[in-house]
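Working notes, structure below.
All values derive from a computational prediction rather than experimental measurement.
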Amino acid sequence: MKKSPANSGSEVKPSHSNMSTPPHPQPPAKGASHGAGDFSYVGIDAILEQMRRKAMKQGFELNIMIVGQSGLGKSTLMNTLFKSKVSRKSVVSTPEERIPKTIEIKSISHDIEEKGVRMKLTVIDTPGFGDHINNENCWQPIMKFINDQYEQYLQEEININRKKRIPDSRVHCCMYFIPPTGHCLRPLDVEFMSRLSKVVNIVPVIAKADTLTLEERDFFKQTIREALRANGIDVYPQEEFDEDADDRMINDKIREMIPFAVVGSDQEYQVNGKRLLGRKTKWGTIEVENIAHCEFAYLRDLLIRTHMQNIKDITSSIHYEVYRVRRLNETNAQPNGQPPNTLANPQQANGVAAQHQVLTHEM
């Protein structure tokens, strides 16, 4: 995977292999059973290729927020996930940054390209979170930022002359980094995930899991899962959003693995004649992508290879819709009402989730 320059989109040209052909039915795909005299073939399956070409031209967007106290390897893990220098610390001019007195929200965007597929990746960092003696209400700036992105999208959406494609700055996923204490969740962890899980997809991870033994790791993961259930915290993938039995079976396996115990590293080492990402210790090399060493590979598959589109769909059809319905109701009651920074009504959120469908965007 490589980062493309900002104007790389102009270099990617759509395929014109079918654009100059006469308007008669396309021949069956290679390997298909349709013969020259088969009049039963309509060509409906060609819609898949049309959708692929359109998506390739437009590219994709993904906005990931990373939250956790300093020193947990957030930047390193993001660089490891995308095999690029995509984190905030990778692009700052100074080697070290002072911890801010308050939480600051910093976004860095990159154009990434792999095998002709372009994606605009935005990493939203939250330096200062959990780094102070008094962390009371430290989740509020993050909540405000997420709601501000919803509000910005809503205002673009309700414009009379709205854009054909609205820029999407909504936070699709929040990776929450849990310190590897091996004991239990801190009150700060419970408070943050309790509040933020209602407005954004949260994926909890145990940072620097190589500091725990396998027994400590398993015990810690079980303790965290019990704490999540006890506090009614729904992290991604949420059980109520499973669409069918197949989804439920796949997602149940993921839910049994949460939180992911991960190790990040952008350093390569020689292991058995192969160059691998890992962390070198006195006892050997911890291989980042070896599932026997950590669960990084499972996290990467969830965020990128299997559930990326689903994460974006739930953001749009569930979390954003809850915000949109609430704001429009408030606007009808108070035409000059200001964008709120409070949580959506949980009952209203459950109502939207029960429908599990996109409400109409037409005003």
Holding to side chain to side chain donor-acceptor pair (under 3.5 Å), I want the full list of residues that pass it with [X], two or more places apart in sequence or in another chain.
X: Lys221; answer: Glu295
X: Gln222; answer: Arg225, Glu226
X: Asn251; answer: Asp242, His307
X: Asn290; answer: Glu287

Checking [X] side chain against [Y] main chain: does a donor-acceptor pair fall under 3.5 Å?
X: Arg255; Y: Pro237; value: yes
X: Asp168; Y: Arg170; value: yes
X: Ser194; Y: Val190; value: yes

More than 12 non-hydrogen atoms from neighbouring residues, nucleotides or ligands closer than 6.0 Å to CG on Leu48, yes or no?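 Yes, CG of Leu48 has more than 12 neighbouring heavy atoms, counting only those of other groups under 6.0 Å.
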Around Asp244, counting heavy atoms of other residues, nucleotides and ligands shown, do more than 12 lie under 6.0 Å from its CG? yes
Chi angles and distances behind the salt bridge (charged side-chain N to carboxylate O under 4.0 Å, His left out) call for Glu49, Arg52: CA-CA 5 Å; Glu49 177 61 19; Arg52 189 194 70 83; 3.0 Å; yes
Sub-4.5 Å side-chain heavy-atom contact between [X] and [Y]:
X: Met143; Y: Lys198; answer: no
X: Met65; Y: Phe145; answer: yes
X: Tyr320; Y: Glu157; answer: yes
X: Thr126; Y: Glu104; answer: no
X: Glu151; Y: Leu154; answer: yes
X: Asp125; Y: Ile108; answer: no
X: Ile146; Y: His319; answer: no
X: Asn231; Y: Met193; answer: no

Using the side chain to side chain contact (heavy atoms under 4.5 Å, CB included) criterion, which residues pair with [X]? Sequence neighbours excluded.
X: Ile291; answer: Ala297, Tyr298
X: Ala55; answer: Phe60
X: Ser197; answer: Ile202, Ile233
X: Asp210; answer: Lys208, Val263, Arg279, Ile286

Do the side chains of [X] and [Y] join up, straight or via other hydrophobic residues, at under 4.5 Å, putting them in one cluster?
X: Ile254; Y: Leu81; result: yes
X: Tyr323; Y: Ile158; result: yes
X: Val271; Y: Val288; result: no
X: Val171; Y: Ile166; result: yes
X: Val205; Y: Leu214; result: no

Rounded to the nearest 0.5 Å, how far apart are [atom1] of [X] and [atom2] of [Y]?
X: Cys138; Y: His132; atom1: SG; atom2: NE2; answer: 8.5 Å
X: Ile206; Y: Thr181; atom1: CD1; atom2: OG1; answer: 8.5 Å
X: Ile178; Y: Leu188; atom1: CD1; atom2: CG; answer: 10.5 Å
X: Phe241; Y: Arg248; atom1: CZ; atom2: CZ; answer: 13.5 Å
X: Ile224; Y: Ile258; atom1: CD1; atom2: CD1; answer: 11.0 Å

Take Ile47 and Gln50 through the test side-chain contact (heavy atoms from CB on, under 4.5 Å) and record every step on the way to the result. CA-CA 5 Å; Ile47 187 65; Gln50 297 174 36; 3.8 Å; yes
Can you name the closest pair of heavy atoms from [X] and [Y] and give their distance?
X: Pro180; Y: Leu72; value: CD-CD2, 4.2 Å
X: Ser109; Y: Thr122; value: OG-OG1, 2.8 Å
X: Val67; Y: Cys174; value: CG2-SG, 3.7 Å
X: Thr76; Y: Thr80; value: O-OG1, 2.7 Å
X: Glu61; Y: His172; value: O-CE1, 3.9 Å
X: Tyr153; Y: Pro167; value: CD1-O, 3.8 Å

Mind checking what makes salt bridge (charged side-chain N to carboxylate O under 4.0 Å, His left out) contact with Arg186, not counting sequence neighbours? Asp189
Going by salt bridge (charged side-chain N to carboxylate O under 4.0 Å, His left out), name the residues that satisfy it together with Arg305, two or more places apart in sequence or in a different chain. Asp301
Set out, in order, the CA-CA distance, both residues' side-chain angles and the distance that settles side-chain contact (heavy atoms from CB on, under 4.5 Å) for Gln149 and Asn63, then state yes or no. CA-CA 11 Å; Gln149 307 317 302; Asn63 307 320; over 6 Å; no
Is a salt bridge present between Arg324 and Glu321, judged by a nitrogen-to-oxygen distance below 4.0 Å?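 Counted as a salt bridge, because a side-chain N and a carboxylate O are separated by less than 4.0 Å.
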Would you call Glu289 and Arg300 a salt bridge, taking side-chain N to carboxylate O under 4.0 Å as the test?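 Looking at Arg300 together with Glu289, the answer is yes, because their closest N to O distance falls below 4.0 Å.
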Selection residues 190-224 - residue pairs positive for ring-ring contact (aromatic ring centres under 6.0 Å, His included), sequence neighbours left out: Phe129-Phe192, Tyr176-Phe192
Can you run down the ring-ring contact (aromatic ring centres under 6.0 Å, His included) pairs that involve residues 267-297, sequence neighbours left out, and say none if there aren't any? none
Passes side-chain contact (heavy atoms from CB on, under 4.5 Å), Phe82 versus Leu62? Steps please. CA-CA 12 Å; Phe82 294 95; Leu62 180 65; 4.2 Å; yes
Would Met175 and Leu303 satisfy side-chain contact (heavy atoms from CB on, under 4.5 Å), going step by step from the backbone distance to the final call? CA-CA 10 Å; Met175 289 178 57; Leu303 293 178; 3.6 Å; yes
Quick one: which of Lys83, Lys280, Arg275 gives a salt bridge (charged side-chain N to carboxylate O under 4.0 Å, His left out) with Glu268? Arg275
Can you find a side-chain donor-acceptor pair between Glu191 and Asn137 that sits under 3.5 Å?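 Side-chain D/A pair, Glu191 to Asn137: absent.
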Side chains of Ser70 and Asp131 only: does a donor on one sit below 3.5 Å from an acceptor on the other? yes
